[in-house]
Amino acid sequence: MKNSSRKELFNHVESLMAQYCNGCFVHKQFKQEGGKRFAHRFCISQCTVGEKLQEYGKKLT
């Protein structure tokens, strides 16, 4: 994989997180109700943005 494509993937990840994850109401609410681990688990396993981030992660490895 070329460096430019890795940079593009990192840019996509950063823009997704900046647009959807920073200040996410659902994450904030779940963090209050069930704790940090519960909220993080939701983001990884059930959130559509988290699924997209996982796809980008698989392409990077």
Side-chain angles (χ1 to χ4, degrees):
M1 184 179 291
K2 295 186 288 185
N3 283 339
S4 62
S5 61
R6 286 181 61 84
K7 287 181 182 180
E8 288 175 15
L9 287 173
F10 278 117
N11 288 336
H12 286 293
V13 167
E14 287 180 9
S15 66
L16 271 178
M17 291 187 71
Q19 185 175 4
Y20 295 108
C21 299
N22 295 342
C24 175
F25 175 76
V26 176
H27 178 80
K28 184 178 177 182
Q29 192 65 31
F30 281 163
K31 194 172 176 181
Q32 287 177 348
E33 292 175 4
K36 184 177 176 181
R37 185 175 178 175
F38 177 76
H40 184 71
R41 176 70 53 196
F42 167 79
C43 292
I44 291 174
S45 62
Q46 296 177 349
C47 179
T48 56
V49 176
E51 292 173 359
K52 191 69 173 173
L53 291 172
Q54 285 183 10
E55 289 176 23
Y56 286 134
K58 289 177 185 176
K59 291 178 183 178
L60 287 170
T61 57

Quiz item: Are K58 and E55 ion-paired here, with the side-chain N under 4.0 Å from a carboxylate O?
Solution: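 Here K58 does not pair with E55 in a salt bridge, since their nearest N and O are not under 4.0 Å apart.
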Quiz item: Roughly how far, to the nearest 0.5 Å, is OG of S45 from NE2 of H40?
Solution: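 Answer rounded to 0.5 Å: 9.5 Å.
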Quiz item: Could you state the interatomic distance from NZ (K52) to SG (C47), rounded to the nearest 0.5 Å?
Solution: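 With rounding to 0.5 Å, NZ (K52) is 13.0 Å from SG (C47).
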Practice problem: Check whether any side-chain heavy atom of E33 sits under 4.5 Å from a side-chain heavy atom of F30, and report yes or no. | Solution: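 The answer is yes, as the side chains (C-beta and beyond) meet within the 4.5 Å cut-off.
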Self-check item: Heavy-atom side-chain contact between H27 and C43 under 4.5 Å
Solution: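 With C-beta onward as the side chain, the pair touches.
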Self-check item: Least distance between heavy atoms, E51 atom then Q46 atom
Solution: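 Taking every non-hydrogen atom into account, OE2-O, 4.2 Å.
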Quiz item: Looking only at heavy atoms, what is the nearest atom pair of R6 and L60, with distance?
Solution: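 The answer is NH1-O, 2.9 Å.
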Practice problem: Determine the interplanar angle of the H12 and Y56 rings, folded into 0 to 90°, and report it as parallel if under 30°, tilted if 30 to 60°, perpendicular if over 60°. | Solution: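 Answer is parallel, since the angle falls under 30°.
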Quiz item: Honestly curious: do V49 and F42 fall in one hydrophobic cluster under the side-chain, below-4.5 Å linking rule?
Solution: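 Result: no, two separate clusters.
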Quiz item: Are V26 and M17 in one and the same hydrophobic cluster, where Ile, Leu, Val, Met, Phe, Trp and Tyr link if side-chain heavy atoms are under 4.5 Å apart?
Solution: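 No, V26 and M17 fall in different hydrophobic clusters.
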Quiz item: Given L53, which of I44, V13, T48 fulfils the side-chain contact (heavy atoms from CB on, under 4.5 Å) condition?
Solution: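 Running side-chain contact (heavy atoms from CB on, under 4.5 Å) over I44, V13, T48 with L53 returns exactly one hit, V13.
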Quiz item: Would you find more than 12 non-hydrogen atoms of other residues, nucleotides or ligands less than 6.0 Å from Y20 atom OH?
Solution: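 Incorrect, the count does not exceed 12.
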